[in-house]
Peer 1: 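Pasting a structure here, questions to come.
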Amino acid sequence: MIIYIYDIKTLQIVARPIVNSYGEFKDNPTKFYPSWDMANHISTEVEFQNPILDSGVIREKTREELILLDNKTELLHDGEYIENNKIIVVTAPGNLFKKVWNKTTNAWEEGATQDDVDKEMNRLIDEFIELSEQKEKYIKYGFETFEIEKKIEENIAKRDYLSKIGVVK
């Protein structure tokens, strides 16, 4: 097995001795790495890609640590940005048809193209016709229409929103 020896100050691997067991290494580290110094080195059975020392224990950095400590902003998800050394999460509004995160303004925006709007509008019109026909049948046979009416209202609201989108793209 391979033991990974890290320099405590730089957290760079300085040696990779091969041993039979980790216990064997811990019993006599200088046998496998003559420069071993407990004040300057730390050993582990795991090779870390992004090591960090946490209360004397070496471990992999979390995503948040990579973003905040190493400035790996490419790891931010849509809806996240850094403010005062904290990751702020902005929930996307439910009313947007095609949600797009603007990394410059740190805000959600409508990202639908005119073609997207036209296709969705046609789909909603077809859905509206089906719901209206279903409602008529339910009324004719004496069934409750509350759920259908609710879906019709949602359909109208979606079409109303889409008709107001000022597509700039």
Side-chain angles (χ1 to χ4, degrees), residues 1-124 127 154-155 157-169:
M1 88 181 295
I2 299 173
I3 300 299
Y4 301 93
I5 301 173
Y6 293 83
D7 179 288
I8 284 184
K9 291 181 183 113
T10 65
L11 293 179
Q12 296 296 311
I13 295 175
V14 293
R16 291 181 177 90
I18 298 174
V19 298
N20 291 323
S21 71
Y22 193 46
E24 179 185 24
F25 174 81
K26 290 194 84 114
D27 288 344
N28 190 3
T30 54
K31 176 181 174 186
F32 302 97
Y33 182 59
S35 300
W36 174 263
D37 176 7
M38 196 152 180
N40 294 314
H41 299 108
I42 190 164
S43 65
T44 179
E45 298 175 82
V46 179
E47 180 178 10
F48 296 106
Q49 299 305 309
N50 300 288
I52 189 168
L53 214 53
D54 185 5
S55 303
V57 177
I58 192 168
R59 63 171 174 79
E60 191 71 34
K61 286 181 184 171
T62 63
R63 177 181 157 272
E64 289 77 14
E65 289 168 334
L66 288 169
I67 293 167
L68 297 173
L69 301 176
D70 294 352
N71 200 32
K72 292 192 177 184
T73 56
E74 68 274 11
L75 297 176
L76 288 170
H77 298 138
D78 284 348
E80 295 180 334
Y81 67 97
I82 300 170
E83 185 177 283
N84 297 326
N85 206 34
K86 290 184 183 176
I87 298 173
I88 307 297
V89 178
V90 180
T91 305
N95 66 326
L96 295 178
F97 175 55
K98 288 231 173 164
K99 299 165 179 69
V100 174
W101 178 248
N102 183 325
K103 292 180 181 183
T104 305
T105 63
N106 296 328
W108 288 102
E109 297 175 351
E110 181 57 68
T113 63
Q114 189 60 52
D115 188 49
D116 294 333
V117 171
D118 292 344
K119 286 178 182 174
E120 182 65 6
M121 191 66 89
N122 289 334
R123 188 194 71 75
L124 288 168
E127 179 185 89
E154 290 170 2
N155 180 290
K158 286 177 186 175
R159 285 187 290 132
D160 183 52
Y161 172 75
L162 288 175
S163 69
K164 293 176 183 172
I165 293 178
V167 178
V168 196
K169 297 178 184 177

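Just so it is clear, the structure is predicted and the values come from calculations on it, not from any experiment. What you see below is based on every heavy atom in this structure, not just the backbone, and it leaves out hydrogens, waters and symmetry mates. Residue numbers count from 1 along this sequence.
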Peer 1: What residues, two or more places apart in sequence or in another chain, satisfy ring pair (Phe, Tyr, Trp, His ring centres under 6.0 Å) together with F25?
Peer 2: W36

Peer 1: If you define the side chain from C-beta out and look only at heavy atoms, does anything of L53 sit under 4.5 Å from I8?
Peer 2: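 They are in contact (side-chain heavy atoms under 4.5 Å apart), so the answer is yes.
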
Peer 1: Below 4.5 Å, heavy atoms only, C-beta onward: do R16 and Y4 meet side chain to side chain?
Peer 2: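 SC-SC contact between R16 and Y4 confirmed.
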
Peer 1: Kindly give the heavy-atom pair with the smallest separation between V46 and T44, and that separation in Å.
Peer 2: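 Residues V46 and T44, closest heavy atoms: O-CG2, 2.8 Å.
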
Peer 1: Please report the closest heavy-atom contact between N102 and E109, naming both atoms and the distance.
Peer 2: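 In terms of heavy atoms, the two residues are closest at ND2-OE2, 2.8 Å.
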
Peer 1: Measure the CD1-CD1 distance between I82 and I67 for me, rounded to the nearest 0.5 Å.
Peer 2: 6.5 Å

Peer 1: Quick check: does any side chain N or O of E80 sit under 3.5 Å from a backbone N or O of V90, one acting as donor and the other as acceptor?
Peer 2: no

Peer 1: When rounded to the nearest 0.5 angstrom, what distance separates CG in L68 from CG in N85?
Peer 2: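 Answer for the CG-CG pair, L68 versus N85, is 5.0 Å.
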
Peer 1: The criterion is side-chain contact (heavy atoms from CB on, under 4.5 Å); which residues satisfy it with A107, sequence neighbours excluded?
Peer 2: T105

Peer 1: What's the shortest heavy-atom distance between K103 and D78, and which atoms?
Peer 2: CE-OD1, 4.3 Å

Peer 1: Is the closest side-chain heavy-atom distance between K61 and K72 below 4.5 Å?
Peer 2: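 They are not in contact (no side-chain heavy atoms under 4.5 Å apart), so the answer is no.
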
Peer 1: Do F32 and I18 have side-chain heavy atoms sitting under 4.5 Å apart?
Peer 2: no

Peer 1: What heavy-atom pair brings K9 and D7 nearest, and what distance separates the two atoms?
Peer 2: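 Looking at all heavy atoms of both residues, the shortest contact is N-OD1, 2.8 Å.
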
Peer 1: Hey, does the side chain of D37 reach the backbone of A39 with a donor-acceptor pair shorter than 3.5 angstrom?
Peer 2: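 Yes; judged by distance alone, with no hydrogens or angles, the pair exists.
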
Peer 1: Return the OH to CG distance between Y161 and N95, rounded to the nearest 0.5 Å.
Peer 2: 5.0 Å

Peer 1: Measure the CD1-CZ distance between I87 and R63 for me, rounded to the nearest 0.5 Å.
Peer 2: 5.5 Å

Peer 1: Going by heavy atoms in the side chains, are I13 and F48 under 4.5 Å from each other?
Peer 2: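 In short, these two side chains do not touch, never coming nearer than 4.5 Å.
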
Peer 1: Considering only NZ, NE, NH1 and NH2 on the basic side and carboxylate oxygens on the acidic side, decide whether K158 and E127 come within less than 4.0 Å.
Peer 2: no

Peer 1: Look only at the side chain of D116 and the backbone of T113, and say whether a donor-acceptor pair between them is shorter than 3.5 Å.
Peer 2: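 Checked: pair present.
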
Peer 1: Are I52 and R59 side-chain neighbours, meaning at least one heavy-atom pair lies under 4.5 Å?
Peer 2: yes

Peer 1: Could you note down all residue pairs passing ring-ring contact (aromatic ring centres under 6.0 Å, His included) where residues 64-99 supplies at least one of them, sequence neighbours left out?
Peer 2: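 Sorted pair list comes back empty.
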
Peer 1: Is it true that the side chains of D118 and Q114 contain a donor and an acceptor less than 3.5 Å apart?
Peer 2: yes

Peer 1: To check you understand the geometry: which heavy-atom pair defines the closest contact between Y33 and V14, and what is its length?
Peer 2: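 In this case the closest contact between Y33 and V14 is OH-CG2, 3.7 Å.
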
Peer 1: Any sub-3.5 Å donor-acceptor pair from E60's side-chain atoms to Q49's backbone N or O?
Peer 2: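 Present.
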
Peer 1: Might you point out which heavy atoms bring I42 and G56 nearest each other, and give the distance in Å?
Peer 2: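 Distance-wise, the nearest heavy atoms are CD1-O, 3.4 Å.
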
Peer 1: In Å and rounded to the nearest 0.5 Å, what is the CG to OG1 distance from L69 to T62?
Peer 2: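 One finds 8.0 Å between CG of L69 and OG1 of T62.
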
Peer 1: Quick check for you: to the nearest 0.5 Å, what is the distance between L162 atom CG and E120 atom CD?
Peer 2: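 Answer rounded to 0.5 Å: 6.0 Å.
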
